[in-house]
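The structure under discussion appears below in the form of structure tokens.
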Amino acid sequence: MKFDTPAGQNPIDQGRVIGIPHDRIDGAAKVTGTAPYAYERHDAAPNAAYGWIVGSAIAKGRIAAMDLRAAEASPGVLGIVTHANAGKLTKGSMNTAHLLGGPQIEHYEQALALVVADTFENARAAAALVRIDYAPEDGKFDLAAERLNGVIPPQGFGGPADTKAGDFDGAFASAAVKLEQTYTTPDQSHAMMEPHASIAAWNGDKLTLWTSNQMIAWGVGDMAKTLGIPKENVRLVSPYIGGGFGSKLFLRADALLAALGARQVGRPVKVAIARPQIPNNTTHRPATIQRIRIGADKDGVIDAIAHEVWSGDLPGGGPETAAQQTRLLYRGDNRLTAHRLVTLNLPEGNAMRAPGEAVGLLALEVAMDELAEACGVDPVELRIRNDVQYDPEAGPQRPFSSRKLVECLRAGADRFGWSKRNPRPGQVRDGRWLVGMGMASAFRNNLTEKSGARIGVDGQGRVIVETDMTDIGTGSYTIIAQTAAEMLGVDLDQVTVRLGDSRFPVSSGSGGQWGANSSTAGVYAAAMALRAKLAEKAGYPADQAQFDDGLVRLGNQSQPLAALAGGQGLWAEDSMEYGDLDKRYAQATFGAHFCEVGVDMDTAEVRVRRMGGAFAAGRILNPKSARSQVIGAMTMGVGAALMEALDVDTRFGFFVNHDMAEYQVPVHADIPDQDVLFIEELDDKSSPMKAKGVGELGICGAGAAVANAIYNATGIRLRDYPLTLDKLLKAQAA
Amino acid sequence: MKPFTYERATSVEAAARAAASVQGARFIAGGTNLLDLMKLQIETPTHLVDVNRLGLDRIEKTEEGGLRIGALVRNTDLAADATVRRDYAVLSRALVAGASGQLRNKATTAGNLLQRTRCPYFYDTRMPCNKRKPGSGCGAMKGVSRSLAILGVSDACIAQHPSDMAVAMRLLDAQVDTVDATGARRAIPIADFHLLPGDTPHKETVLKAGEIITSVTLPGPIGGTHVYRKVRDRASYAFALVSVAAIFGKDGTARFAFGGIGAKPWRTAEGDAAAAQGAQAVAEATLAGARTTHDNDFKRPLVEKTLASLYRQQEARA
């Protein structure tokens with residue numbers, strides 16, 4: 001099915017199951033420990049041996065010599081995989097660095113060997129006996145120092161590196177109010193709950209991999225490419241995933257090394273990347289330096305806006321596209337955005353929840369707060385004045401498919417009690433706490449991806465959906481079941497959903513907050529095909545048949561689905577693909593974040609007191625799991641604002657705080673009441689679901705609202721994230 | 001983790017003898033720190049002597065009016081003890097400021113005193129660290145050092161002592177009671193228990209091989225207002241950037257001990273003597289000889305500001 005004209009009335013609009021808050025249908029299995037995760041698939045791969053990864057102790061250079069004798073002689077060791085014996089490996093198309101390094105070493109903790117043994121403990125003990133002599137080379141590890149060496153990066157997910165409209169320089173020079181500031185954000189780690197983990201088993205030349213991966217088809221493709229085997233010989237199974245946030249979009253070392261280890265020792269092998277290895281072995285969100293210039297009239301109406309971003313990555317890598325939102329969020333006839341990429345020999349930078357906007361808004365939305373103050377305009381009002389209903393780079397001929405930013409700002413401000421904010425900073429006290437309020441707009445692009453599904457009805461009238469879509473904790477199982485139930489007129493508990501298996505039709509996968517809308521649209525397409533088959537079997541015209549109560553109806557006639565399906569069941573498969581509606585219309589999700597913080601008047605400790613937000617993201621398929629997505633993302637925004645940073649040792653070239661004790665993310669005590677309001681919206685140009693995504697929208701702008709609240713509380717403007725107390729104390733003393 | 005042998009000791013004396021007789025033996029109680037370090041091969045004991053069944057889990061009054069806390073009393077139980085909460089509230093408050101509920105359920109009184117630094121270079125075996133590998137150098141001094149110590153440090157090591165409980169014990173003038181393999185007993189004032197790094201940062205306490213802590217004894221209660229203030233980046237489950245344990249007396253006297261800033265739990269006579277002159281004076285006296293890095297020089301003003309906060313609260317109470 002192709003979606004190339006705006007959706008009209010369709011069965012989803014009934015809103016019988018879709019749009020109603022539902023508990024997760026996989027919730028009970030998860031909380032009772034009966035949902036099996038990759039590393040626990042002893043049932044599927046009995047007798048698995050254990051692999052332990054040996055990571056590089058240097059950031060750049062070569063292996064001079066490798067001595068495996070002691071490790072090989074260690075108790076229980078079955079084999080050791082290294083570059084020397086792994087056979088020819090081709091780097092996956094989604095990988096920047098090789099997943100198995102050697103003799104060249106591209107980054108610290110890059111896997112150089114996998115020690116396979118009969119037990120986990122034996123593998124780990126033997127791994128410590130692998131002796132590697134290194135020939136280190138000088139590397140580049142300091143983004144700020146390399147900034148001037150930035151080059152124009154290749155085009156990736158974020159569109160072109162540079163965009164321009166009008167005459168920025170001229171308009172900025174003549175603007176009544178000028179703002180120019182530089183903001184920095186640090187490297188961040190996904191810190192998802194489940195580490196990367198895989199079990200691999202070979203049957204002849206066919207590989208089965210039980211793994212934790214957000215994008216099944218990408219994983220199959222890159223595994224086949226890396227090993228040089230046909231895709232048909234690779235099966236990936238990933239039905240349950242303990243969080244990803246982008247860290248599991250790609251084939252990673254656990255999966256490849258499990259496959260290589262299993263091939264070498266002739267039995268299944270399981271590999272998890274240990275928590276202290278994750279930050280340096282896998283991907284991370286790259287640090288940025290962002291320069292923002294805004295020229296406005298004295299009322300704050302923007303005429304000129306520029307956002308330039310510097311980030312670093314390994315050779316062949318990509319930029320952090322932090323200027324993305326600035327192309328679309330606010331008005332202004334004269335604008336430019338630019339991304340520059342420097343070469344750094346740190347571990348691989350890549351996507352983390354809302355790549356681009358999550359850190360771009362940490363800068364832009366603080367700049368807007370600064371502009372509001374400079375113009376003496378309320379921050380909410382400033383954003384309303386600068387709303388634009390079309391793509392401001394393209395002009396009015398490219399309107400937004402739907403854009404309710406102003407509605408979000410107004411409703412969010414009202415619910416939060418924004419009118420009670422004292423616009424003069426440093427005025428409100430509660431005991432030892434300086435109290436402040438801040439806000440920020442939320443913006444995240446809406447992406448649609450081709451997605452397929454297979455759907456059937458069995459002889460009992462049960463509906464079964466199969467797609468390689470993944471549920472990374474987001475609630476995919478439930479919204480897919482809701483979609484199927486809505487389309488075929490059955491109750492939710494009549495639907496079985498099977499996900500995350502490469503034998504199922506290829507879906508959008510989970511990434512870029514496209515998963516909910518795209519994967520359910522794929523189920524919609526398959527369900528339309530099945531409805532046609534059922535109607536035909538019933539002898540009803542497909543366009544007049546009604547589906548409800550487990551029946552197909554035409555006027556007063558009806559037939560049960562179960563009877564029509566018969567003993568064999570009836571199946572249909574289709575996918576949804578997209579025309580050029582995303583070219584003709586700018587598509588994005590919007591919101592407004594509000595935050596109240598307390599800052600200790602002595603120690604400058606910052607604690608969030610309450611948060612609230614209003615969001616417009618098309619049809620909200622399951623308000624309960626959507627809310628969970630948003631509050632989780634808001635929590636991550638608090639982390640980005642207040643504590644999360646991978647500390648770079650620029651001498652050795654690695655992230656120093658590489659465990660969960662030292663890489664701090666918020667704990668329960670850091671997160672107070674969070675209020676989420678969804679603004680009613682249907683986006684008929686996004687998909688037949690009329691939905692968009694919310695999984696990333698909630699982090700976009702959340703941290704900036706915290707930063708702006710700190711300013712309102714203290715009068716101190718920090719522009720270097722995370723906003724820790726040492727920086728506040730230094731600014732206070734200066 | 002390296003292979004090791006294991007035995008469960010049945011008496012204190014047997015435990016001490018077992019530990020003294022095997023080179024590289026270690027006691028294990030809660031294991032909340034030792035097991036993590038063993039997994040990373042930072043600790044590589046050849047033999048573990050499990051002391052969990054030695055019965056050292058009672059809290060009892062001493063004849064001198066103090067409190068004897070068994071070495072195996074879990075942090076959760078100690079924090080909840082009615083006498084501790086009434087007479088030594090600073091200890092209870094320090095305990096609940098540390099770690100997480102699960103860890104406190106396992107961690108013991110003696111083990112808490114012996115926990116090792118959280119310096120990230122200590123935790124990565126590929127990095128230089130004089131504490132982990134004597135003579136290999138210090139990765140932290142010119143590296144990432146925001147969390148590390150500014151007092152009692154040396155050219156060899158700037159690791160911080162991470163305990164909250166030990167700071168309160170230092171404030172309360174606890175003594176550490178031990179038995180060695182010969183049956184000899186010692187009562188070690190807590191001020192003397194931890195060693196400064198000097199040029200041997202791998203030596204952290206005065207305990208000899210096989211010497212086992214049987215209890216920690218507190219002197220009689222001294223009254224006053226007990227406060228434990230822990231400053232950190234997040235609200236829970238984080239080590240202190242700076243922590244202050246304080247007891248304010250009714251007569252204007254006070255005593256202070258500090259966490260997060262010292263190579264060991266930090267307390268000075270000069271700091272206590274300056275109590276009547278206020279936060280700035282106490283901070284100045286305490287910080288005499290402090291050595292900071294670019295990353296951790298904020299701890300200097302933070303000590304004073306944390307003290308100022310406590311003084312203000314104390315004034316509000318009075």
Side-chain angles (χ1 to χ4, degrees), chain A residues 55-58 74-75 108-109 120-122 124-125 127-129 274 276 280 431-432 600-608 638-639 642-645 647-652 654-662 664-672 722 724-730 732-733, chain B residues 1-4 33 36 38-41 44 99-100 103 118-121 123-128 139-140 142-147 162 229-239 241-244 279 294-313 316:
Chain A
S56 172
I58 65 166
S74 191
Y108 194 81
E109 201 78 79
F120 175 79
E121 289 76 13
N122 278 339
R124 189 172 56 185
L129 299 173
N280 287 294
R432 64 183 168 100
D600 187 289
M601 56 184 289
D602 293 301
T603 64
E605 289 163 284
V606 179
R607 299 289 181 256
V608 175
V638 172
L642 297 182
M643 60 191 86
E644 287 190 50
D647 299 321
V648 181
D649 185 316
T650 56
R651 304 162 305 165
F652 296 106
F654 78 121
F655 299 128
V656 176
N657 51 339
H658 52 67
D659 63 30
M660 294 297 290
E662 303 301 324
Q664 296 195 1
V665 298
V667 295
H668 284 97
D670 291 301
I671 302 303
T724 46
L725 62 86
D726 47 316
K727 295 172 188 171
L728 281 164
L729 291 177
K730 271 179 193 169
Q732 217 172 49
Chain B
M1 194 177 280
K2 280 193 169 168
F4 57 90
N33 195 204
D36 284 351
M38 287 171 68
K39 290 173 187 173
L40 296 165
Q41 293 205 8
T44 52
S100 66
L103 287 166
R118 302 305 303 197
C119 175
Y121 294 87
Y123 265 84
D124 191 326
T125 52
R126 292 159 294 190
M127 288 291 128
K142 290 182 174 156
V144 175
S145 56
R146 181 170 178 269
S147 63
R229 179 70 181 280
K230 183 174 182 180
V231 180
R232 44 185 160 176
D233 288 319
R234 63 182 173 192
S236 181
Y237 197 40
F239 292 94
L241 296 168
V242 166
S243 71
V244 183
H294 172 267
D295 282 1
N296 69 16
D297 59 1
F298 72 93
K299 291 191 176 188
R300 221 188 259 271
L302 186 56
V303 166
E304 183 184 330
K305 285 169 180 295
T306 309
L307 284 164
S309 180
L310 297 190
Y311 269 91
R312 191 174 302 113
Q313 275 176 0

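Note on naming: letters A, B, ... go to the chains in the order of the sequence lines (proteins, then strands), and numbering restarts at 1 for each one.
Put simply, CG on A:Asp726 and CG on B:Asp233 are 7.0 Å apart, with the number rounded to the nearest 0.5 Å. Here A:Glu109 contributes atom CD and A:Ile58 contributes atom CD1; the two are 12.5 Å apart, rounded to the nearest 0.5 Å. A distance of 10.0 Å separates CG of A:Asp647 from CZ of A:Phe654, quoted to the nearest 0.5 Å.
The closest side-chain donor-acceptor pair between B:Ser309 and A:Arg432, if any, does not fall under 3.5 angstrom. Under the 3.5 Å distance criterion, with hydrogens and angles disregarded, a donor-acceptor pair is assigned to the side chains of B:Asp124 and A:Tyr108.
No part of A:His668 comes within reach of chain B, as not one of its non-hydrogen atoms sits under 4.5 angstrom from that chain. Contacts of A:Asp600 with chain B are made by side-chain atoms alone, with heavy-atom separations under 4.5 Å and no backbone atom involved. Heavy atoms closer than 4.5 Å to chain B are found nowhere in A:Pro722, neither backbone nor side chain. If you measure heavy-atom distances from B:Pro128 to chain A, the contacts under 4.5 Å come from the side chain alone. Of the atoms belonging to A:Gln732, it is side-chain heavy atoms, and not backbone ones, that fall under 4.5 Å from chain B. Interface residue B:Arg232: backbone and side-chain heavy atoms are both found under 4.5 Å from chain A. In this structure, chain A has no heavy atom under 4.5 Å from any part of B:Leu307. Looking at A:Val648, the atoms closer than 4.5 Å to chain B (heavy atoms on both sides) all sit in the backbone: N, CA, C or O. For a residue to count as touching a neighbouring chain, one of its non-hydrogen atoms must lie under 4.5 Å from one of that chain's; by this rule B:Lys299 does not touch chain A. Heavy-atom distances place no part of B:Glu304 under 4.5 Å from chain A, backbone and side chain included. Interface remark: B:Asn296 contributes no atoms to any contact with chain A (heavy atom separation under 4.5 Å).
Ranking B:Arg118, B:Lys39, B:Met127 against chain A, the residue ahead of the rest is B:Met127, based on heavy-atom pairs under 4.5 Å. Top candidate by heavy-atom pairs under 4.5 Å with chain B, chosen from A:Met601, A:Met643, A:Arg124, is A:Arg124.
Between the side chain of A:Asp670 and the main chain of A:Val667, a donor-acceptor pair closer than 3.5 Å is present.
Crowding of A:Lys727 atom NZ: a count of heavy atoms from other residues, nucleotides or ligands under 6.0 Å exceeding 12.
A salt bridge does not link A:Glu605 with B:Lys305: none of the charged nitrogens is closer than 4.0 Å to a carboxylate oxygen. Look at A:Asp602 and B:Arg312 and you find a salt bridge, because one of the NZ, NE, NH1 or NH2 atoms lies within 4.0 Å of a carboxylate O, short of that distance.
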